[in-house]
Amino acid sequence: MAAQIQYADVEVGTELPAASFPVTRATLVQYAGASGDFNPIHWNEKFAKEVGLPDVIAHGMFTMAEAIRVVTDWVGDPGALVEYGVRFTKPVVVPNDDRGGLIEVTAKVAAKLDDNRVRVDLTAMSAGQKVLGMSRAVVELA
């Protein structure tokens, strides 16, 4: 698989298609099983509140993975991702109801680099709060 986006067709400021990712308690249990991260703050409401959290929260790495999907879906090849880093600023709270939480992600090309690479800056929000800071990816385009 190769990147579908042409470097020559991209300008600084190009906005990627935004996406929203629902997160339920079931999602967190599935992720815990896949990742091996069974920290009770991600599934036990009583425990999460006892340690000062507002409710169960999504795994940081899960949040990070959902956010980068905006970039990999846009470029058309997850293998085109060269670098990715974030700072975790706020948790994604996941209530125990029919809706759960929602991660809303926007992104835009912030810089054109050498070797057909671009830097993409992402914004990830949940419940009106920025949940990832300094969220940046470098992808290699066609």
Side-chain angles (χ1 to χ4, degrees), residues 1-5 7 9-142:
M1 188 180 292
Q4 305 298 310
I5 304 294
Y7 180 81
D9 295 338
V10 175
E11 298 298 329
V12 171
T14 298
E15 293 185 14
L16 283 59
S20 296
F21 304 100
V23 187
T24 65
R25 295 282 177 95
T27 308
L28 299 182
V29 170
Q30 291 169 336
Y31 183 81
S35 69
D37 182 352
F38 294 101
N39 186 324
I41 64 173
H42 303 305
W43 57 270
N44 184 317
E45 185 173 329
K46 181 179 179 287
F47 183 85
K49 288 182 177 181
E50 284 175 354
V51 298
L53 295 168
D55 208 328
V56 164
I57 62 170
H59 302 73
M61 296 301 287
F62 173 82
T63 303
M64 190 177 174
E66 290 293 82
I68 198 62
R69 288 175 54 190
V70 168
V71 176
T72 58
D73 288 352
W74 171 70
V75 76
D77 177 12
L81 183 64
V82 176
E83 294 177 28
Y84 180 42
V86 306
R87 290 191 180 157
F88 301 107
T89 56
K90 298 279 184 189
V92 174
V93 178
V94 183
N96 191 20
D97 58 20
D98 293 339
R99 292 177 293 151
L102 186 67
I103 303 167
E104 300 172 288
V105 183
T106 58
K108 67 180 174 180
V109 174
K112 290 186 84 166
L113 310 171
D114 294 333
D115 299 325
N116 284 5
R117 294 178 178 189
V118 297
R119 189 187 89 216
V120 178
D121 291 354
L122 298 92
T123 301
M125 306 284 291
S126 184
Q129 296 188 336
K130 193 172 184 179
V131 295
L132 298 177
M134 298 296 292
S135 185
R136 295 180 173 170
V138 174
V139 291
E140 186 172 337
L141 303 179

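Residue numbers run from 1 in the order of the sequence given. Just so it is clear, the model here is predicted, and its values are computed rather than measured.
Taking a 6.0 Å sphere around NZ of Lys90, one finds it holds 12 or fewer heavy atoms contributed by other residues, nucleotides or ligands.
The aromatic rings of Tyr31 and Phe62 stand perpendicular to each other, their planes meeting at an angle above 60°, with 30° marking the opposite boundary.
The two residues Gly33 and Phe38 make their nearest non-hydrogen contact at CA-CZ, 3.7 Å. Across all non-hydrogen atoms, the minimal contact from Pro54 to Lys49 is O-CE, 3.3 Å. The two residues Ala58 and Val94 make their nearest non-hydrogen contact at N-CG2, 4.0 Å. The shortest non-hydrogen separation linking Gln4 to Gly76 is CG-CA, 3.9 Å. Across all non-hydrogen atoms, the minimal contact from Thr106 to Ala18 is CG2-CB, 3.9 Å. When all heavy atoms of Val71 and Leu16 are compared, the closest pair comes out as CA-CD2, 3.9 Å.
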Tyr7 and Arg117: side-chain contact (heavy atoms from CB on, under 4.5 Å), yes or no, with the steps? CA-CA 7 Å; Tyr7 180 81; Arg117 294 178 178 189; 5.8 Å; no

Which is it for Leu113 and Val118 under the side-chain contact (heavy atoms from CB on, under 4.5 Å) test, yes or no, and what are the steps along the way? CA-CA 5 Å; Leu113 310 171; Val118 297; 5.8 Å; no

When you look at Asn96 and Glu45, which way does the side-chain contact (heavy atoms from CB on, under 4.5 Å) test go after all the steps? CA-CA 8 Å; Asn96 191 20; Glu45 185 173 329; 4.0 Å; yes

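A donor-acceptor contact shorter than 3.5 Å is absent between the side chain of Trp43 and the backbone of Val56. Checked by atom type and distance alone, the side chain of His59 pairs as donor or acceptor with a backbone atom of Asp37 at under 3.5 Å. In this structure, the side chain of Thr89 engages the main chain of Lys130 through a donor-acceptor pair within 3.5 Å. Judged by distance alone, with hydrogens and angles left aside, the side-chain atoms of Lys112 form no donor-acceptor pair with the main-chain N or O of Arg119 at under 3.5 Å. Judged by distance alone, with hydrogens and angles left aside, the side-chain atoms of Ser126 form a donor-acceptor pair with the main-chain N or O of Leu102 at under 3.5 Å. The backbone N or O of Ile41 lies less than 3.5 Å from a partner atom in the side chain of Asn39, making a donor-acceptor pair. Proximity of a side-chain donor or acceptor of Tyr84 to a complementary backbone N or O of Ala65 within less than 3.5 Å is not detected. Between the side chain of His42 and the backbone N or O of Leu28 there is no donor-acceptor pair closer than 3.5 Å. In terms of modelled atom types and a separation under 3.5 Å, the side chain of Ser135 and the main chain of Leu132 share no donor-acceptor contact.
Between Lys108 and Glu15 there is no salt bridge, since none of the side-chain N atoms of the basic residue sits less than 4.0 Å from a carboxylate O of the acidic one. No salt bridge links Glu83 with Arg136; every basic N to acidic carboxylate O contact stays at or beyond 4.0 Å. Salt-bridge check for Asp55 with Arg25: passed, with a basic side-chain N closer than 4.0 Å to an acidic carboxylate O.
Interatomic distance, CG of Asp121 versus CE of Met134, reported as 8.0 Å (0.5 Å rounding). Atom CG of Leu141 and atom CG of Asp77 lie 10.5 Å apart (nearest 0.5 Å). Expressed to the nearest 0.5 Å, how far OG1 of Thr27 lies from CD of Glu66 amounts to 8.0 Å. The CG atom of Asp114 lies 11.5 Å from the CD atom of Glu140; values are rounded to the nearest 0.5 Å.
The shortest distance between side-chain heavy atoms of Val105 and Leu122 falls below 4.5 Å. Looking only at side-chain heavy atoms (C-beta outward), Phe21 and Val70 come within less than 4.5 Å of each other.
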